[in-house]
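Note that the numbering runs from 1 along the sequence shown for the chain. The figures here come from the full heavy-atom set of this structure, side chains too, leaving out hydrogens, waters and symmetry mates.
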Amino acid sequence: MSYTAPIQDMLFVMKELAGLDQLPKLRGCKEVTTDVVEQILEENARFSSEVLAPLNAVGDREGSRLDGAAVTTPRGFKEAYRQFAEAGWPALEGPAQYGGQGLPKLVGTAALEMWKSANLSFSLGPMLTVGATEALLLRGSDALKKKFLPNMVSGTWMGTMNLTEPQAGSDLALVKARAAREGDHYRVKGQKIFITYGEHDWSENIVHLVLARTPDAPPGVKGISLFVVPKFLVNADGSLGERNDVQCIKLEEKLGIHASPTCVMAYGEQDGAIGYLVGEENRGLEYMFIMMNAARFAVGMEGLAISERAYQKAATYAKERVQSRDLAGSGSQAVTIIHHPDVRRMLMSMRAATEAMRALAYVVAAALDRAHRHRSEKGAP
């Protein structure tokens with residue numbers, strides 16, 4: 001089924017509820033006018049409907065597959081991501097100092113809705129990268145930021161979130177992955193499960209953010225640290241070096257997102273995967289919550305996005321399916337079911353719920369923009 005981005009509905013919420021016209025008053029948003037936002041949404045709508053949406057069917061049928069330690073995504077997905085990155089979409093909200101466009105979250109949220117409505121499986125890869133970028137931006141050292149953020153912001157490299165282990169689901173106090181200090185880095189060993197886009201064929205490198213314990217860490221969640229473990233090590237000049245000791249050993253099954261590789265990741269099966277500490281030891285769960293909260297907002301957007309797609313499909317079907325007579329009319333001819341009052345009631349209930357979700361999401365995004373970009377009373381930039 002085709003997807004048409006509801007741009008007018010989006011703009012209505014952005015203008016009437018989320019304060020779109022106030023964006024230029026925020027720090028770093030002087031040029032983010034309504035006209036510019038409309039152009040961004042129109043171009044993103046075109047990309048989402050013409051490039052991403054048609055891949056849904058092939059992605060569902062083929063799924064991602066594991067061959068040895070390599071994961072191949074369905075036909076067309078790698079090429080679509082190349083177009084996605086070349087068009088600058090991964091950098092939409094990225095900080096300008098690392099090559100991003102620095103646009104506010106309100107604009108990024110509208111774009112995110114389109115990607116998720118058009119192709120949920122595809123959207124999960126960029127979603128995790130944005131979260132990993134934010135965690136490194138807020139808690140990573142200057143050296144880590146310089147080494148990883150420019151390529152992550154551009155989409156040349158992608159990122160993941162590694163929390164769950166076979167014996168530790170939501171109870172992260174049971175995490176057993178270990179990280180032993182070795183000079184300026186650590187050797188990470190352990191296994192992680194349910195890692196979205198843990199391995200794939202889209203980007204040159206994959207930057208894993210991994211929770212693990214150091215040898216003298218206190219028990220429970222207070223003893224968890226966060227590490228950057230890249231698929232390929234990065235040389236001093238920024239080029240890619242040798243393959244790190246990390247690999248995908250299995251793909252999990254997730255209903256409805258077959259094209260998204262959900263991986264079981266093995267770290268340190270040989271000498272130990274080289275990892276770099278983010279921030280301070282034993283504060284890893286605190287840091288990971290930066291990424292987790294970004295993911296929570298994005299997963300909430302999935303509810304909105306799928307609701308919009310479902311409404312569009314239902315409305316299209318109702319306009320095509322012929323069934324029964326129009327009791328409000330002559331009643332002599334069969335009509336499409338959209339003529340029936342109860343069908344219209346159900347469609348309007350779907351649309352009302354979807355509009356309410358959009359309003360909530362966009363208003364929250366606008367509130368975050370104001371919190372992070374508000375100018376001081378003295379007019380500081």
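- In terms of modelled atom types and a separation under 3.5 Å, the side chain of E302 and the main chain of L120 share no donor-acceptor contact.
- Side chain of E308 to main chain of P6: no donor-acceptor pair is present (N/O by atom type, distance under 3.5 Å, no hydrogens or angles).
- The cationic atom of K147 (NZ for Lys, CZ for Arg) lies less than 6.0 Å from the six-membered ring centre of Y276 and within 45° of the ring axis.
- Between the side chain of Y287 and the backbone N or O of E280, at least one donor-acceptor pair lies under 3.5 Å.
- Both L20 and M114 are members of a single hydrophobic cluster when ILVMFWY side chains are connected at heavy-atom separations under 4.5 Å.
- The number of heavy atoms from other shown groups lying within 6.0 Å of CZ (F232) is above 12.
- Here the closest non-hydrogen pair linking V36 and E31 is CG2-O, 3.6 Å.
- Taking every heavy atom of both residues into account, A135 and L209 meet most closely at CB-CD2, 3.8 Å.
- The two residues E93 and G108 make their nearest non-hydrogen contact at OE2-CA, 3.4 Å.
- Side-chain atoms of K192 do not come within 3.5 Å of backbone N or O of E165 as any donor-acceptor pair.
- Apart from I193 itself, the hydrophobic cluster it occupies contains F194, I249, V264, where clustering links Ile, Leu, Val, Met, Phe, Trp and Tyr at side-chain heavy-atom distances under 4.5 Å.
- Transitive grouping of hydrophobic side chains (ILVMFWY, heavy atoms separated by less than 4.5 Å) keeps V234 and V210 in distinct clusters.
- No continuous path of hydrophobic side-chain contacts links L149 to I206 [ILVMFWY only; heavy atoms under 4.5 Å].
- Between the side chain of R344 and the backbone N or O of I338, at least one donor-acceptor pair lies under 3.5 Å.
- A side-chain donor-acceptor contact under 3.5 Å links T73 and D201.
- Heavy atoms from other residues, nucleotides or ligands lying under 6.0 Å from CG of D67 number 12 at most.
- Residues D9 and R351 are paired through a salt bridge, judged by an N-O separation under 4.0 Å between the basic side chain and the carboxylate.
- Residues M288 and M161 are in side-chain contact: their nearest non-hydrogen atoms beyond the backbone lie under 4.5 Å apart.
- Legend: side-chain hydrogen bond (donor to acceptor under 3.5 Å, both in side chains) pairs involving residues 222-237, not counting sequence neighbours, sorted by first then second residue: E199-K231, N235-S239, D237-S239.
- A donor-acceptor contact shorter than 3.5 Å is absent between the side chain of N151 and the backbone of T156.
- Not one N or O on the side chain of H200 forms a donor-acceptor pair closer than 3.5 Å with the backbone of G125.
- For the side chain to side chain contact (heavy atoms under 4.5 Å, CB included) criterion with W202, the lone passing option out of W157, Y81, F84 is Y81.
- Hydrophobic clustering of Ile, Leu, Val, Met, Phe, Trp and Tyr side chains at less than 4.5 Å, counting indirect connections, unites L11 with L17.
- No donor-acceptor pair closer than 3.5 Å links the side chain of R187 to the backbone N or O of G275.
- When all heavy atoms are compared, the tightest approach of I274 to P230 is O-CD, 3.9 Å.
- Listed here is the closest heavy atom pair of L211 and L226: CD2-CD1, 3.9 Å.
- Considering E281, R178, R181 as possible partners of T214, the one that fulfils the side chain to side chain contact (heavy atoms under 4.5 Å, CB included) test is E281.
- T160 and N162 share a donor-acceptor pair across their side chains, judged by distance under 3.5 Å alone.
- What you find for S64 and L251 is that their closest heavy atoms are O-CD1, 3.6 Å.
- Side-chain atoms of H258 and E253 form a donor-acceptor pair, as typed in the model, at a separation below 3.5 Å.
- Both F297 and L163 sit in one connected hydrophobic cluster of ILVMFWY residues. Membership requires side-chain heavy atoms under 4.5 Å apart, directly or through other members.
- We find that R139 and E134 are not joined by a salt bridge, their nearest charged nitrogen and carboxylate oxygen being 4.0 Å or further apart.
- A donor-acceptor pair shorter than 3.5 Å cannot be found between the side chains of K319 and T336.
- Counting only distance, with no hydrogens or angles, the side chain of R309 and the backbone of A118 share a donor-acceptor pair below 3.5 Å.
- Counting only heavy atoms from C-beta outward, the side chains of L240 and N205 approach each other to under 4.5 Å.
- We find the CG-NZ distance between D142 and K146 to be 10.0 Å, quoted to the nearest 0.5 Å.
- Residue pairs meeting the side-chain hydrogen bond (donor to acceptor under 3.5 Å, both in side chains) criterion with at least one member in residues 39-55, sequence neighbours excluded, are E43-R46, N44-W115, R46-E50.
- Contact check for F77 versus N119: side-chain heavy atoms found under the 4.5 Å cut-off.
- Inter-residue side-chain proximity for C29 and P104 is flagged as met; some heavy-atom pair is nearer than 4.5 Å.
- Counting only distance, with no hydrogens or angles, the side chain of D369 and the backbone of L106 share a donor-acceptor pair below 3.5 Å.
- Aromatic ring centres of F227 and Y186 lie closer together than 6.0 Å.
- Side-chain atoms of I40 and L103, non-hydrogen and from C-beta on, do get closer than 4.5 Å to each other.
- Within the 4.5 Å cutoff, the side chain of N282 has no heavy atoms near those of the R213 side chain.
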